[in-house]
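Report on one structure; see the data block that follows.
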Amino acid sequence: MKALRSVQMSNLGAVQNDLVHALSANESASGLIDIATADPLSVFQSWYKDAKAAAPETAGAMTLSTVDAAMKPSARIVMLRSTEGGTFSFATNSQSNKAAHLTQNPFASLTFFWAQHNRQVRIDGAVQEWGTTETDALFTRRRRDAQIGEWTSQGMSAATHSSYADAEAERARVAASFDGVTDIPRPPFWRAYRVIPQSIEFWQGNLGKLHDRVLFTRDNNDWKRERLIA
């Protein structure tokens, strides 16, 4: 037990050191966003490009927060699938809790945190489901193993699959069913959603100085801009 605790503390120390390094790298940064002229969607793309260069596999990870009909919040990590049209899109099973929440309350909040640059972006807005044709096109861009994984999820349930081995067996069965199929079709339950941003907040951490926070709030066809002190 002591050995395990020692490993855990060592891992925590490594994470803390990485964060301090990121803070130090940005120590001289101040007022990074020119709120007089900046376009929030362009700023996001610039920061996202930096994040992908540092961690290409995880840069698109974002916390999706939803609220159900009883106004109880729920949050989970999903992957950013598209930023087309100035929106932020993700995909999920239409039978999932988050899909149910979005039907009951079609608003959501997204949060990105990129530790390598000590940056956070918060996005709030209304949610719309994608159309069938564009959802099909999005699914075709997924890796084949990911497509098989989506089909696998439909055949799984707590009642019929009690172990990870059962899930792997189901995945193997699904994969075999698509042998010889060049283009795996989209499962009818696989849906895509877009968040139409009403506000976008950028946060840049600075070691030993004020953190830089800039909030953009949609104002008809323009953005209201303000710098927050925190």
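For the numbers below, each heavy atom of this structure counts, side chains included, while hydrogens, waters and symmetry mates do not. Residue numbers start at 1 and run along the sequence shown.
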Run the side-chain contact (heavy atoms from CB on, under 4.5 Å) check on Val67 and Phe107 step by step: do they pass?
-> CA-CA 8 Å; Val67 177; Phe107 296 89; over 6 Å; no
List the steps, then state whether side-chain contact (heavy atoms from CB on, under 4.5 Å) holds for Asp50 with Gln116.
-> CA-CA 9 Å; Asp50 291 343; Gln116 298 87 346; over 6 Å; no
Applying salt bridge (Lys or Arg N to Asp or Glu O under 4.0 Å), run through Lys52 and Glu57 and close with a yes or a no.
-> CA-CA 7 Å; Lys52 288 191 292 185; Glu57 295 298 322; over 6 Å; no
Evaluate side chain to side chain donor-acceptor pair (under 3.5 Å) for Thr111 paired with Gln120, printing each intermediate quantity in order.
-> CA-CA 7 Å; Thr111 305; Gln120 175 183 275; 5.9 Å; no
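Look at Glu226 and Arg213 and you find no salt bridge, because none of the NZ, NE, NH1 or NH2 atoms lies under 4.0 Å from a carboxylate O. Using a 4.0 Å cut-off between charged side-chain N and carboxylate O, Arg173 and Glu170 make a salt bridge. Electrostatic pairing of Arg225 and Asp222 counts as a salt bridge here, judged by a charged N lying under 4.0 Å from a carboxylate O. Residues Arg142 and Glu150 are paired through a salt bridge, judged by an N-O separation under 4.0 Å between the basic side chain and the carboxylate.
Thr63 and Ala75 make their closest contact through CG2-CB, 3.8 Å (heavy atoms, listed as atom of the first residue, atom of the second, distance). Here the closest heavy-atom approach between residue Gly60 and residue Tyr48 is recorded as CA-OH, 3.7 Å. Of all non-hydrogen atoms in Leu215 and Ser199, the two that sit nearest each other are CD1-CB, 4.2 Å. Of all the heavy atoms in Leu64 and Val78, the pair that sits closest is CB-CG2, 3.9 Å. When all heavy atoms are compared, the tightest approach of Gln104 to Ala69 is OE1-N, 2.9 Å.
Rounding to the nearest 0.5 Å places OG1 of Thr103 at 12.0 Å from CG of Asp68. In this structure, CZ on Arg171 lies 6.0 Å from CD1 on Ile148, to the nearest 0.5 angstrom. Note: Leu41 CG to Ser46 OG = 12.5 Å, rounded to the nearest 0.5 Å. Here the straight-line distance linking atom CZ of Arg81 with atom CZ of Phe90 works out to 11.0 Å at 0.5 Å rounding. Annotation: the span from Thr135 atom OG1 to Arg191 atom CZ amounts to 8.5 Å, rounded to 0.5 Å. Between the CZ atom of Arg119 and the CZ atom of Phe44 there is a distance of 11.5 Å, given to the nearest 0.5 Å.
Phe178 has its ring centre less than 6.0 Å from the ring centre of Trp151. Checked against the 6.0 Å centroid threshold, Trp130 and Tyr193 do not count as a close aromatic pair. Taking the six-membered ring where the residue is Trp, the centroids of Trp203 and His211 are separated by under 6.0 Å.
For the 3.5 Å distance criterion, the side chains of Thr133 and Asp136 fail to qualify, holding no donor opposite an acceptor. For the residue pair Asn93/Ser96, the side-chain donor-acceptor check at 3.5 Å is not satisfied. With 3.5 Å as the limit, one finds no donor-acceptor pair spanning the side chains of Ser89 and Glu84. For the residue pair Thr66/Lys98, the side-chain donor-acceptor check at 3.5 Å is not satisfied.
Ile196 and Phe112 fall into different hydrophobic clusters, where Ile, Leu, Val, Met, Phe, Trp and Tyr side chains are chained together by heavy-atom contacts under 4.5 Å.
Between Tyr164 and Asp166, the closest side-chain pair of non-hydrogen atoms is not below 4.5 Å. In this structure, Gln147 and Phe139 have side chains that are in contact, with non-hydrogen atoms separated by less than 4.5 Å. The shortest distance between side-chain heavy atoms of Gln128 and Val195 does not fall below 4.5 Å. Taking 4.5 Å as the limit, some side-chain heavy atom of Val121 sits within range of a side-chain heavy atom of Trp114. In this structure, the side chains of Arg218 and Pro197 come closer than 4.5 Å at one or more pairs of heavy atoms. At a threshold of 4.5 Å between non-hydrogen side-chain atoms, the residues Arg122 and Leu110 do not count as touching. In this structure, the side chains of Arg227 and Asp212 come closer than 4.5 Å at one or more pairs of heavy atoms. At a threshold of 4.5 Å between non-hydrogen side-chain atoms, the residues Gln45 and Thr83 count as touching.
Gln198 contributes no side-chain N or O that, together with a main-chain N or O of Asp219, makes up a donor-acceptor pair within less than 3.5 Å.
Counted within 6.0 Å of CG on Asp179, heavy atoms from surrounding residues, nucleotides or ligands total more than 12; the atom is thus considered enclosed. No more than 12 heavy atoms of other residues, nucleotides or ligands shown are found within 6.0 angstrom of CG on Asp183.
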